[in-house]
Amino acid sequence: MSVMNYSDAGKVALAECMRADPTIWAVGEDLGHGGVFGQYMGLEEEFGPERIVSAPISEAAIMGSAVGGALTGTRPIVELRFADFALCAIDEIVNQAAKARYMFGGQAKVPLVIRQPSGMWRASAAQHSQSLEAWYTHIPGLVVVMPATPADNYGLLKAAIECDDPVVYMEHKDLWPLEGEVPEGHTVEIGKASVLHEGSDVTIVTWSKTRHVALEATKTLARSGTSVELFDLRSLWPWDRECVLASAAKTGRLIVAHEAVRDGGFGAEVAATAAEEVAGLKLARIGAPRIPIPYSTPLEDMVRVTAETIIGAVERLA
Amino acid sequence: MSVMNYSDAGKVALAECMRADPTIWAVGEDLGHGGVFGQYMGLEEEFGPERIVSAPISEAAIMGSAVGGALTGTRPIVELRFADFALCAIDEIVNQAAKARYMFGGQAKVPLVIRQPSGMWRASAAQHSQSLEAWYTHIPGLVVVMPATPADNYGLLKAAIECDDPVVYMEHKDLWPLEGEVPEGHTVEIGKASVLHEGSDVTIVTWSKTRHVALEATKTLARSGTSVELFDLRSLWPWDRECVLASAAKTGRLIVAHEAVRDGGFGAEVAATAAEEVAGLKLARIGAPRIPIPYSTPLEDMVRVTAETIIGAVERLA
Amino acid sequence: MPDPFPSPQRVLDHYATMCRIRAFERMVIRGTEEGLVKGAAHLSIGQEAVAVGVCGNLRRSDQIASNHRGHGHTIAKGADPEAMMRELFGREGGICSGKGGSMHIADFDVGMLGANGIVGAGILIAVGAAKSKKMLGTNDIVVCFFGDGAVNRGPFLEGLNWARVFNLPVLFVCEDNKYAATTRTEQLTGGSGPAVRAESLGIPAKIADGNDVISLDALVGGLVEDIRGGGGPLFLHVETYRHIGHTVVDPATYRPEAEVEEAKTRDPIERAKAFLLDNGTLEVDLGRIAVDAEKEMNAAFELARDASWPRLPAVLSDVQDIGAPA
Amino acid sequence: MPDPFPSPQRVLDHYATMCRIRAFERMVIRGTEEGLVKGAAHLSIGQEAVAVGVCGNLRRSDQIASNHRGHGHTIAKGADPEAMMRELFGREGGICSGKGGSMHIADFDVGMLGANGIVGAGILIAVGAAKSKKMLGTNDIVVCFFGDGAVNRGPFLEGLNWARVFNLPVLFVCEDNKYAATTRTEQLTGGSGPAVRAESLGIPAKIADGNDVISLDALVGGLVEDIRGGGGPLFLHVETYRHIGHTVVDPATYRPEAEVEEAKTRDPIERAKAFLLDNGTLEVDLGRIAVDAEKEMNAAFELARDASWPRLPAVLSDVQDIGAPA
Ligand SMILES: Cc1ncc(C[n+]2csc(CCOP(=O)(O)OP(=O)(O)O)c2C)c(N)n1
Ligand SMILES: Cc1ncc(C[n+]2csc(CCOP(=O)(O)OP(=O)(O)O)c2C)c(N)n1
Ligand SMILES: [Mg+2]
Ligand SMILES: [Mg+2]
């Protein structure tokens with residue numbers, strides 16, 4: 001068991017996997033100098049530039065060459081720097097990586113991980129702040145993972161690397177320095193939610209950075225006597241339907257909260273599924289307004305989901 | 001009033017707008033020869049190659065140059081050939097077109113139309129059949145329109161061209177030959193659903209080609225005594241919430257049916273909104289399974305939403 | 001280094017493979033007319049020498065990435081035409097289980113990494129496959145086929161630059177049939193052509209007659225040897241022509257008739273035939289090769305036509321391991 | 001055609017604009033240190049001659065598209081530094097109403113179409129703006145600034161080819177500071193450089209010293225005249241260096257110290273100063289220009305710092321006309 005931050009947890013997971021399997025390689029801009037957030041610091045020294053590949057500014061080629069590599073016996077880890085830049089490589093992710101196995105009738109699998117640091121971070125404005133996880137959940141062939149703690153980043157990145165599917169792996173940029181315990185040999189199964197709090201009055205489902213906001217709200221609500229059952233989905237495709245539906249059936253109230261734009265967000269999928277399955281469920285979705293992320297800090301703050309917003313929604317559902 | 005097909009209705013709308021406004025130009029591959037589906041046939045002859053621009057196979061430049069044009073006083077109509085190829089121009093649509101007005105504090109608007117022929121058509125397989133409307137509804141700044149009849153294609157394309165926002169305009173490839181009446185000077189407001197059938201037992205919400213399937217189901221159900229209220233949303237952003245919510249409150253049952261993948265589809269947004277707003281609502285979503293579209297006809301047919309599927313869902317909700 | 005004295009047997013083999021490709025694609029026309037091929041099919045009739053002249057220099061463990069016009073590449077790399085025809089007819093036993101069709105034809109067993117419905121996409125898949133080759137310590141190479149239209153897409157620049165800076169074992173083959181769908185490519189392509197573009201990215205380039213399988217074969221032999229030796233990526237611009245439309249159903253009225261007729265005089269199969277006759281092969285032997293090819297493809301056609309449809313539950317398989325549809 | 005005898009007043013003006021850009025960016029460093037600039041800011045300290053030598057040849061109605069390193073371009077094109085500083089501090093009266101920040105700085109009134117957070121995206125916006133210029137029947141031109149790193153992105157190929165085949169009035173300016181973030185660009189760029197790539201796409205290209213505002217000014221004057229005359233797109237590769245890190249907070253340890261020191265000896269402001277002194281301008285006059293620039297930017301800093309925050313309801317405005325958030 002050791003304490004490490006979210007960034008290092010990912011790095012340790014990657015390094016352990018690379019030591020065990022010589023066919024794994026990582027590719028992205030500036031990786032040789034540690035990557036833009038330092039998540040790869042020191043890895044080029046250990047694994048060399050053939051396995052920690054510093055790429056030109058060619059997102060399509062970064063992603064497309066990884067698809068080619070994955071189809072032919074190696075296991076690429078793609079670093080896209082900001083989730084927003086993945087938009088320069090969408091054909092390669094959606095038309096190629098996600099569909100190749102199926103289109104070719106199962107002749108090859110596409111074992112690759114597509115790291116896309118996501119979310120709002122330090123006044124980064126509209127082109128460096130997006131949370132687009134909902135898009136990837138809608139694309140057959142893709143797995144979608146969004147860890148929110150060091151332990152989950154360690155366990156889920158390992159699971160993603162070991163998995164033979166293309167995994168969109170979204171770390172949250174605001175969580176890099178977050179410290180936490182990572183048990184030795186820790187494993188996390190893709191598709192299993194983590195239960196952060198058991199309760200009976202209302203179910204809250206969330207993921208990524210909003211997990212921490214929701215936990216704060218849960219604690220505040222506990223003090224005023226409202227008992228919340230709180231889940232961090234951790235992976236959005238597959239997502240832990242059973243767990244959410246059982247809890248929603250128990251509490252009769254469901255709130256889904258995420259940082260992404262509310263309209264058309266993955267919260268809609270969770271809420272709609274629960275509404276189909278649980279009769280008489282009361283529900284509310286919380287997310288960003290449908291606006292690009294503004295730069296100015298007070299404006300940017302208006303986009304963020306806060307504990308107060310969540311508490312307000314719980315109160316309105318009561 | 002005249003009868004024309006869906007393809008010609010779009011062409012007539014475009015030609016009328018181009019005659020009225022010399023700043024409008026269209027750009028896409030093979031437009032000088034009528035476009036891949038003939039929707040531009042004859043327009044180069046009338047407007048010349050400066051306004052009906054035949055482009056190289058450069059989707060990013062087709063889209064990006066349209067953004068630049070829209071920011072600087074002209075009004076581009078982008079033809080992306082197949083919605084699937086829009087994935088080669090996603091940065092330009094999402095990071096540039098959708099955000100420019102906001103990022104620049106309203107200094108300029110982005111009046112452009114992005115035509116993306118969508119949907120399944122004639123065994124076109126995984127890279128030529130997608131319905132990705134849900135993606136665009138999730139992106140602030142974009143308007144999303146999906147006409148299903150000649151009259152709507154005429155009226156809505158005109159409205160899209162006249163609008164100062166970037167409009168993702170998705171015609172359905174299987175509807176090109178569909179004939180229908182287009183009243184002289186017909187107008188359609190973006191954001192208003194069309195009511196195809198009034199009823200009291202169940203509300204069905206749909207759009208694009210599935211409108212026709214749902215209408216068939218509605219007629220069959222009427223014969224067996226089930227009274228359906230059927231809406232074609234026609235535009236998905238904005239969408240006609242008021243209309244859908246009022247009907248859902250009246251019937252207490254809501255079905256949303258679309259051709260796109262069910263998981264994470266725009267049906268989730270409609271269903272979740274209704275579940276939030278209408279207490280005790282029973283609901284069901286219908287869409288494609290989460291698989292790439294297969295080529296072989298019997299397999300492809302399994303992906304299609306049919307009248308039987310819709311009727312089955314209505315019966316289960318009863 | 002082009003070999004001025006090609007072995008007659010080698011030319012004969014190439015002739016046979018070209019005849020097989022042509023016969024296969026004639027059956028695709030028939031299949032389309034009879035409603036058996038449902039999706040769009042892009043044929044390489046007139047371009048067979050490119051597939052054959054290139055793939056004839058590859059090992060089974062070398063790999064190719066193709067574009068939408070991939071039947072010829074696939075057959076030349078060694079795939080089974082019957083499984084291909086079943087695929088195009090969407091039947092059980094299709095090479096992609098009926099899920100891909102013409103535009104996604106692939107045979108990983110013979111090193112054919114797939115046609116592609118997205119123009120230019122194969123370029124990036126090829127450089128990635130070449131990275132695998134290098135990492136896995138083989139001296140296999142990868143060939144990427146694409147059209148003259150693809151040189152205007154971003155992946156052309158990104159992929160070629162990538163291959164150069166990482167010194168990957170790739171041969172880029174730009175199969176220039178002068179048109180991209182209805183568009184005469186040179187009208188929408190700046191500069192002095194694909195080879196100059198490749199050289200500007202640091203990749204040595206050659207230009208060749210794509211209708212002469214003999215000289216092409218020899219030229220490619222040298223290029224493949226250089227790449228296999230670790231010399232890094234090379235580029236080959238081959239000039240050819242498609243005899244029919246962009247797809248089977250395209251009447252191609254945008255091309256001057258005289259241009260088409262002139263191009264047909266350079267039919268690669270007729271040229272190989274003329275060479276072989278000049279060099280002592282008997283007309284009757286050549287005739288038998290052509291007839292055998294037609295018989296083979298006719299049999300493939302009939303077996304595919306009579307094959308059953310895929311089992312319906314297969315629609316849900318091979319999507320993904322985790323989170324697959326139930 | 002470079003003019004060997006530049007007018008002293010013109011050089012003095014350029015000197016003044018370079019001093020103003022430098023002074024502005026020094027205030028951005030201070031603003032970052034004091035926590036007033038919250039987002040990433042990319043400075044052009046050391047590269048000022050490019051913005052000034054190019055924009056000095058443009059009319060107000062000419063337009064420019066920029067990249068992430070856009071303060072210098074914006075000031076050189078005539079924007080108000082106070083409104084820019086308010087923007088960087090996220091305040092009321094910001095040039096983009098506080099919604100954009102450094103990476104989206106823009107001033108459409110003076111023909112500055114925006115910085116861009118996506119490397120290479122401005123290239124396509126520029127060609128589109130040039131299409132508007134042409135369609136609207138003006139003889140205005142568009143200039144596009146981008147870095148050496150952008151030449152490896154697909155839009156470089158697509159945009160340059162586009163400008164060529166549609167003969168659009170664009171000047172492409174590749175501002176080569178040798179690095180793309182932490183990466184020495186030449187290590188990841190195949191071929192013989194940006195100018196060769198441009199020429200392979202049919203666009204005539206020049207290479208120039210980007211730290212000598214005088215020769216650059218004269219060279220660009222000729223290029224702009226050619227483009228304005230309808231000659232079609234041109235390309236200019238300028239060699240320069242950024243004195244500090246990629247962003248304000250980057251210590252740039254990946255660059256050899258000697259390289260940085262050597263580059264600083266070619267400081268464009270010092271070079272213009274030396275020229276002016278050699279040609280009779282008084283040291284005291286140059287000093288006053290520098291001091292005025294500092295005063296101006298200091299005042300901009302203070303006004304921005306003391307400005308109020310944007311009104312919160314504005315967060316929902318300027319998204320779209322139809323379907324705007326309520
Ligand atoms: C990204 C993309 N854009 C457009 C198309 C439509 N399309 C399919 S083939 C083709 C022409 C390709 O021309 P070329 O590369 O010369 O190949 P050819 O068909 O001549 O063999 C086009 C435009 C596509 N499939 N993908
Ligand atoms: C598509 C994309 N990829 C990566 C980045 C991250 N990034 C921002 S600036 C930069 C380096 C750009 O280098 P260059 O074009 O030489 O401009 P310079 O910063 O040197 O002025 C990178 C990689 C980005 N903003 N957009
Ligand atoms: Mg071609
Ligand atoms: Mg640079």
Side-chain angles (χ1 to χ4, degrees), chain C residues 118-125 127 130-131 146-170 172 174 180 183-205 207 227 231-235 237, chain D residues 118-125 127 130-131 146-170 172 174 180 183-205 207 227 231-235 237:
Chain C
I118 303 296
V119 168
I123 296 175
L124 302 178
I125 290 173
V127 299
K131 167 75 177 170
F146 51 89
D148 43 303
V151 306
N152 290 326
R153 280 211 63 226
F156 177 87
L157 177 141
E158 295 195 11
L160 268 66
N161 182 64
W162 192 276
R164 171 71 286 154
V165 301
F166 298 116
N167 203 44
L168 297 174
V170 195
F172 296 101
C174 178
T183 300
R184 207 172 155 78
T185 311
E186 68 180 9
Q187 290 175 354
L188 293 178
T189 306
S192 312
V196 172
R197 290 192 181 186
E199 298 218 314
S200 82
L201 297 162
I203 303 192
I207 302 179
I227 297 170
L234 294 173
F235 189 93
H237 173 194
Chain D
I118 302 297
V119 168
I123 296 175
L124 302 179
I125 290 174
V127 299
K131 166 75 177 172
F146 52 89
D148 43 305
V151 307
N152 291 326
R153 280 212 63 225
F156 177 88
L157 176 142
E158 295 196 10
L160 267 67
N161 182 63
W162 192 276
R164 171 71 286 154
V165 300
F166 298 116
N167 203 42
L168 297 173
V170 195
F172 296 101
C174 178
T183 299
R184 209 173 154 77
T185 312
E186 67 181 7
Q187 289 174 353
L188 294 178
T189 307
S192 312
V196 172
R197 290 190 181 188
E199 299 217 314
S200 81
L201 297 162
I203 303 191
I207 302 178
I227 296 170
L234 294 173
F235 189 92
H237 173 195

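Throughout, protein chains are lettered first and strands after them, A, B, ... in sequence-line order, and every chain is numbered starting at 1.
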Ranked by heavy-atom pairs below 4.5 Å to chain D, first place among C/G202, C/G190, C/G120, C/G193 goes to C/G190
In terms of heavy-atom pairs under 4.5 Å with chain C, the winner among D/L201, D/V196, D/L160 is D/L201
The residue among D/S200, D/S192, D/P194 that forms side chain to side chain contact (heavy atoms under 4.5 Å, CB included) with C/S200 is D/S200
Are any of the side-chain heavy atoms of C/V165 and D/Q187 separated by less than 4.5 Å? no
message: Quick check against the 3.5 Å criterion: does D/E158 have a side-chain atom that pairs as donor or acceptor with the backbone of C/R153?
response: no
Which of D/N152, D/L157, D/V151 passes side chain to side chain contact (heavy atoms under 4.5 Å, CB included) with C/N161? It is D/N152
